[in-house]
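Taking it in order: structure first as structure tokens, then the write-up.
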Amino acid sequence: MRVGLVGYGGAGRGIHARLVKAAGFDVTAVVTRSPERREQVLADWPGARIFDDLDELLDARDAYDLVVLASPTQLHEEQAAVVLAEGVPLLLDKPVALTAAGAQRLVDLARTPAVPFTVFQNRRWDPEQLTLRAVLDSGEIGQVHRLERRWERFRPESLGRWKENDPEGGGLLLDLGTHLVDSAVQLFGPVESVYAELRALSTPTEDDVFLSLQHAGTGGVVSHLWGGSVVGAPGPRTRVLGSNGAYVVTTFENDASPFEVMDAGAPAGSEGWIARGSERTFVPRASGGHEDFYPAVARWLHEGAPVPVDPQDTVHTARVLDAARASAVTGARVPV
């Protein structure tokens with residue numbers, strides 16, 4: 001599979017190009033105007049064609065099989081609309097748009113005529129998420145009544161990136177909240193109402209996020225989701241409470257946390273533990289990971305396999321985030 005990549009920064013080079021290479025595929029075309037990044041492209045992918053803008057890339061249709069949009073969030077909707085209008089297969093980084101209306105617009109554009117379209121909700125392939133799915137399927141913790149998940153860091157001084165500073169498209173609600181909501185929905189189904197608290201503590205955009213989601217038709221499961229940058233003591237990454245115990249993951253991707261001491265003695269290849277009071281049992285890590293995403297994309301495009309992420313799922317996530325913004329303004333729980 002040949003990939004045409006729009007953007008070669010933290011997402012483009014740091015995530016997408018790395019996973020493309022791990023899958024044994026090629027980045028054959030890149031859109032970037034930065035002289036430094038052009039040098040990086042040629043060093044990483046000798047022979048790749050480099051373009052100044054998206055229109056130039058689309059004119060060179062024979063250079064790739066799939067366009068991957070890894071540009072800043074505020075550009076996603078309009079750039080994706082251009083790609084879809086050309087009938088070019090598209091992988092769009094999350095979030096797909098700033099609002100649910102924008103997300104639905106893209107889904108509709110891809111539907112008639114049918115254009116291959118998927119979304120990079122890569123956190124569905126987190127080892128933690130895959131292991132939790134296996135725990136839930138086993139029934140070992142019984143009937144679940146609450147999911148808690150935190151994406152917290154101690155970063156009291158901003159890194160100065162557009163994600164921290166741009167009021168349009170920046171902020172943790174769209175950045176981390178998109179992943180947190182998508183993960184909760186994948187586990188416990190659609191959301192029927194949201195309560196949210198959003199604050200900007202150290203940046204112009206929100207860097208302190210709390211969401212309470214009431215899931216529909218799942219026996220009353222509630223998800224409590226946190227995202228924060230000014231958190232001196234990041235809490236346990238995941239805690240899922242059930243009628244017969246809990247599943248707990250203390251830390252995430254080596255982020256520092258005082259709770260990591262609870263993993264002392266964990267055997268190699270484990271991913272969290274099941275707890276019942278002071279009793280705990282370590283859980284074997286489920287197989288799979290982010291490196292499975294691009295092979296799944298190739299099977300979808302070339303072998304007719306199921307789409308890795310249904311774009312319609314992202315519309316529901318966007319509706320949840322829209323409701324969260326409304327709740328944060330009014331202080332009330334808002335239906336989705």
Side-chain angles (χ1 to χ4, degrees), residues 1-86 88-98 102 106 117-120 122 153 155 157-172 174-176 178-179 202-205 207 229 253 290-291 293-294 297-298:
M1 186 171 67
R2 302 171 304 156
V3 172
L5 185 54
V6 180
Y8 209 67
R13 187 189 191 205
I15 299 175
H16 288 280
R18 173 174 53 82
L19 292 177
V20 169
K21 183 168 289 187
F25 303 141
D26 292 311
V27 172
T28 55
V30 176
V31 174
T32 180
R33 292 180 178 175
S34 163
E36 177 185 357
R37 290 176 179 169
R38 283 173 171 252
E39 290 181 5
Q40 291 172 341
V41 172
L42 295 177
D44 296 342
W45 307 95
R49 298 173 65 179
I50 303 176
F51 302 95
D52 285 334
D53 57 40
L54 180 59
D55 289 340
E56 287 187 5
L57 176 72
L58 293 175
D59 285 341
R61 183 63 186 86
D62 61 340
Y64 50 84
D65 304 308
L66 171 75
V67 165
V68 176
L69 284 179
S71 50
T73 297
Q74 60 270 29
L75 303 178
H76 284 184
E77 182 183 345
E78 291 310 314
Q79 288 186 337
V82 171
V83 175
L84 294 172
E86 292 293 322
V88 176
L90 173 65
L91 167 58
L92 178 57
D93 214 326
K94 63 80 201 169
V96 298
L98 301 180
L106 295 180
F117 176 31
T118 191
V119 180
F120 191 60
N122 59 310
R153 302 159 175 158
R155 191 180 290 167
E157 294 186 8
S158 168
L159 297 179
R161 304 174 303 173
W162 68 265
K163 289 184 179 182
E164 288 97 1
N165 295 323
D166 193 336
E168 184 182 30
L172 290 189
L174 284 176
D175 186 17
L176 303 186
T178 300
H179 283 312
S202 65
T203 62
T205 58
D207 60 357
S229 297
E253 294 188 339
H290 292 193
E291 65 277 3
F293 183 82
Y294 270 93
V297 172

Enumerate, atom names and distances included, each donor-acceptor pair closer than 3.5 Å involving a side-chain atom of residues 27-34, sequence neighbours excluded.
unit_1 : atom_1 : unit_2 : atom_2 : d
Thr28  : OG1    : Ala63  : O      : 2.5
Thr32  : OG1    : Ser34  : N      : 3.4
Arg33  : NE     : Asp52  : O      : 2.9
Ser34  : OG     : Glu36  : N      : 3.3
Ser34  : OG     : Arg37  : N      : 3.2

For Lys163 and Thr205 the tightest heavy-atom approach is O-OG1, 3.5 Å

query = Is Leu69 close to Asp93 at the side-chain level, that is, under 4.5 Å between some pair of heavy atoms?
reply = no

Between Ala17 and Trp45 the two heavy atoms that sit nearest each other are O-CZ2, 3.6 Å

When rounded to the nearest 0.5 Å, the distance separating CZ of Arg161 from CG of Asp175 is 7.0 Å

Between Ala298 and Met1 the two heavy atoms that sit nearest each other are CA-SD, 3.9 Å

Heavy-atom distance under 4.5 Å between the side chains of Leu42 and Ile50, does that happen here? yes

Given side chains that start at C-beta, do those of Tyr64 and Leu57 come closer than 4.5 Å, heavy atoms only? yes

In terms of heavy-atom contacts, Leu5 and Gly12 come closest through CD2-O, 3.4 Å

* Check whether any side-chain heavy atom of Ser71 sits under 4.5 Å from a side-chain heavy atom of His76, and report yes or no. => yes

CZ (Arg38) and CZ (Phe51) are apart, to the nearest 0.5 Å, by 10.0 Å

Margin query: Measuring only between side-chain heavy atoms, which start at C-beta, is Leu98 closer than 4.5 Å to Leu174?
Written below: yes

In this structure, NE2 of His179 is separated from CG of Leu172 (nearest 0.5 Å) by 12.0 Å

Value for CG (Leu106) from CG (Leu92), rounded to nearest 0.5 Å, stands at 7.0 Å

Margin query: Side chains of Glu164 and Asp207, heavy atoms from C-beta outward: is any pair under 4.5 Å?
Written below: no

So NZ of Lys94 and OG1 of Thr73: to nearest 0.5 Å the spacing works out to 6.0 Å

Counting only N and O atoms by type, is there a donor-acceptor contact under 3.5 Å from the side chain of His290 to the main-chain atoms of Leu19? no

| field | Pairwise side-chain contact, Leu91 with Phe293, heavy-atom cut-off 4.5 Å (strictly under) | value | yes

Quick note, salt bridge (Lys or Arg N to Asp or Glu O under 4.0 Å) partners involving residues 1-30, not counting sequence neighbours, are Arg2-Asp65, Arg13-Asp44

Between the CG atom in Asp166 and the OG1 atom in Thr203, the distance rounded to the nearest 0.5 Å is 11.5 Å

(message) Is any side-chain heavy atom of Phe25 closer than 4.5 Å to one of Leu66?
(response) no

**Asked** Using the ring of each side chain (for Trp, its six-membered ring), is Phe120 parallel, tilted or perpendicular to His16, with breaks at 30° and 60°?
**Response** tilted

Using a cut-off of 6.0 Å, state whether more than 12 heavy atoms not belonging to Glu157 lie near its atom CD. no

